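Note sheet for the following structure.
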Amino acid sequence: MTTSAAADARFLGRDAIDCLPEGALERKLELGRPLRVKLGLDPTAPDVHLGHTVVLRKLREFQDRGHVVVLIIGDYTARVGDPSGRSSTRPQLSGAEIDANARTYVDQAAKVLDRDRIELRHNSEWLNMSMEGLFALTRTTTVAQLLERDDFAKRYAGREPISLLELLYPMMQAYDSVAVRADVELGGTDQKFNLLLGRDVQRAYGIDEQVVLTMPILPGVDGERKMSKSLGNQIGVTEPAQEIYGRTLRLPDAAMASWYELLLGEPLPVELTPRDAKHALAHRLVERLHSAGAAVAAAAHFDRVFVQGDLPEQIEEASFDVVDGTVHVPALIAASFGGSRSDARRKLAAGAIKLDGVLLRPDDLDLAPERLDGAIVQVGKRQFRRLRRPV
RNA sequence: GGCGGGGUUCCGGAGCGGUCAAACGGGCGUGGCUGUAAACCACGUGGCUCUGCCUUCGCAGGUUCGAAUCCUGCCCCCGCUACCA
């Protein structure tokens, strides 16, 4: 790279919320060597979603300028088990599970990152330390400092439990920065505290402090809360093209601008109607995570099923059981689509179930098998099965 | 260790002897309206062989015709206090 450090710093920090301390990134870049840019991964949650890609995209920008991304698998912290909230201890993962999770995570991250410029580390390499080592680490920080963190402060004020282990988590993350000698650490704005703590701990160990760079948090498909798996408002990078397309269209208009900016790095196109802008967004996302062809197909599928109300091109098959010469509809629905039979009865009563396009009535509980072979059942607007008599 | 407050259905949170499968809100689902928008409206949201039956209110016993509600024991959580003695 021949660009100046100042120009690089300006570019890399252009869409960050924080780039701290002031001017530090430029000074790091002036060192003229590849910087070590750190990101920690939680191997208990192996699913990468669009929210993560905001940070990953930023990491990619560092890579493209010749720097090295240090991915840290939090295998040691995962093995300890995080007892957050009031639930007791989370199930601890085995080493094999953690490895498997880490592998899929890296594969998913590689949809955005350049695989050849990744240094992969595990924090068990250094966190499995002696008690003496732990003393040295914990001496660097005070309890008051840790309780400054917003979520801790709120929970403490709200009389909610905080385990000692949870207080220790930021310390461990900070020590990761010491161990890999991170020059820069990235995260969402929710990570700001942890990232800054990393600086303090590095200083205590006599290491040059890392630059802290935080990226905005992507709202989920509900448009309100941050995208996260536990809130169920995420779009995973490995989801099928049709899903990514369809779920993107469910995004409230109000959140579209931030998706454009955070995911595409562009402003919301004002020349398009909201509907067209959202379709364009969905198209681009599928294109990035799958392929151009998949994007065209997903758009066509959407138009066919939801706009025209036609059947999908491909419908999964499901068999059905005949008991006493008839087929019990709740049992059929439960077996083919999941859920309970009671739930299927309710859907039937609500007028949500169609057979070959004809609405079934609440008392259509038992049907003749002849009527079903080859027929298409539809639950709601988006679930279809083609029925096949079992042989 | 002492004192006090808690553990309810996916989440929050009412209920405090029968009318409780359990208020209300959120989330979610289905229907309507639509751009499958959002907002809004309606209905639904333990299970089943479904005008009834079965299993749920931390766990185990008990009292009662009858318990989420009362009693006993246990487990778990939260707060305060624990200095002068």
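Quick note: numbers below take in every heavy atom, side chains included, and nothing from hydrogens, waters or symmetry partners. The shown structure was predicted, so the numbers you read here are calculated from the model rather than taken from an experiment. Naming convention: chains lettered A, B, ... in sequence-line order (proteins, then strands); numbering from 1 in each chain.
- Protein atom CG of Leu365(A) is 9 Å distant from nucleotide atom C1' of rC50(B), rounded to whole Å.
- Comparing atom distances between the Asp253(A) side chain and each of rU45(B), rG35(B), rU36(B) picks out rG35(B) as nearest.
- Side chain of Arg345(A), nearest nucleotide from rG47(B), rC50(B), rA38(B): rC50(B).
- Nucleotide rA38(B) holds its C1' atom 16 Å from the CZ atom of Arg247(A), rounded to whole Å.
- Looking at heavy-atom distances under 4.0 Å, Pro330(A) makes no contact with the nucleic acid at all.
- Checked against Asp343(A) for a salt bridge (Lys or Arg N to Asp or Glu O under 4.0 Å), the options Lys347(A), Arg341(A), Arg345(A) give a single hit: Lys347(A).
- The existence of a salt bridge linking Asp8(A) and Arg65(A) is confirmed by a sub-4.0 Å separation between a basic side-chain nitrogen and an acidic carboxylate oxygen.
- Within a 6.0 Å sphere centred on CG of Asp324(A), heavy atoms belonging to other residues, nucleotides or ligands number 12 at most.
- Here the side chains of Glu119(A) and Arg36(A) are in contact, with some heavy-atom distance below 4.5 Å.
- With both ends at atom P, the span from rC43(B) to rG25(B) equals 12 Å, rounded to whole Å.
- Summarising the base pairing, rG29(B) is matched to rC43(B) through a Watson-Crick or G-U wobble pair whose two defining distances lie under 3.5 Å.
- Remark: C1' of rG35(B) and CG of Asp276(A) are 9 Å apart, rounded to the nearest angstrom.
- Two residues are said to be in side-chain contact when any heavy atoms from C-beta on lie closer than 4.5 Å; Leu372(A) and Leu387(A) meet this criterion.
- The gap from the P atom of rU36(B) to that of rG47(B) amounts to 32 Å, rounded to the nearest Å.
- Listed nucleotides: rG35(B), rU49(B), rU36(B). Nearest to the side chain of His328(A): rU49(B).
- A donor atom on one side chain and an acceptor atom on the other are not found under 3.5 Å apart for Gln202(A) and Glu209(A).
- Nucleic acid contact for Gly223(A): none, since no nucleic acid atom lies under 4.0 Å from a heavy atom of the residue.
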Give me the distances for all protein-to-nucleotides 27-33 of chain B N/O pairs that come in under 3.5 Å?
none

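- A distance of 7.5 Å separates CG of Leu195(A) from OG of Ser177(A), quoted to the nearest 0.5 Å.
- For the pair Arg275(A) CZ and rA39(B) P, the interatomic distance rounds to 20 Å; values are reported in whole Å.
- Distance CZ (Arg346(A)) to C1' (rA21(B)): 11 Å, rounded to an integer number of Å.
- Other residues, nucleotides and ligands contribute over 12 non-hydrogen atoms within 6.0 Å of the CD atom of Glu313(A).
- Taking only side-chain atoms of Arg341(A), from C-beta outward, the nucleotide of rG44(B), rU36(B), rU49(B) with the closest atom is rU49(B).
- Pairing of rG73(B), defined by two Watson-Crick or G-U wobble distances under 3.5 Å, is identified with rC59(B).
- Mapped onto RNA chain B by nearest heavy atom, Leu249(A) and Ser340(A) fall at different nucleotides, with Leu249(A) at the one closer to the 5' end.
- In a base pair of the Watson-Crick type (N1 to N3 plus N6-O4 or O6-N4) or a G-U wobble (N1-O2 and O6-N3), with each distance short of 3.5 Å, rC83(B) is matched with no nucleotide.
- With a cut-off of 3.5 Å on both Watson-Crick or G-U wobble distances, the partner of rC24(B) is given as rG12(B).
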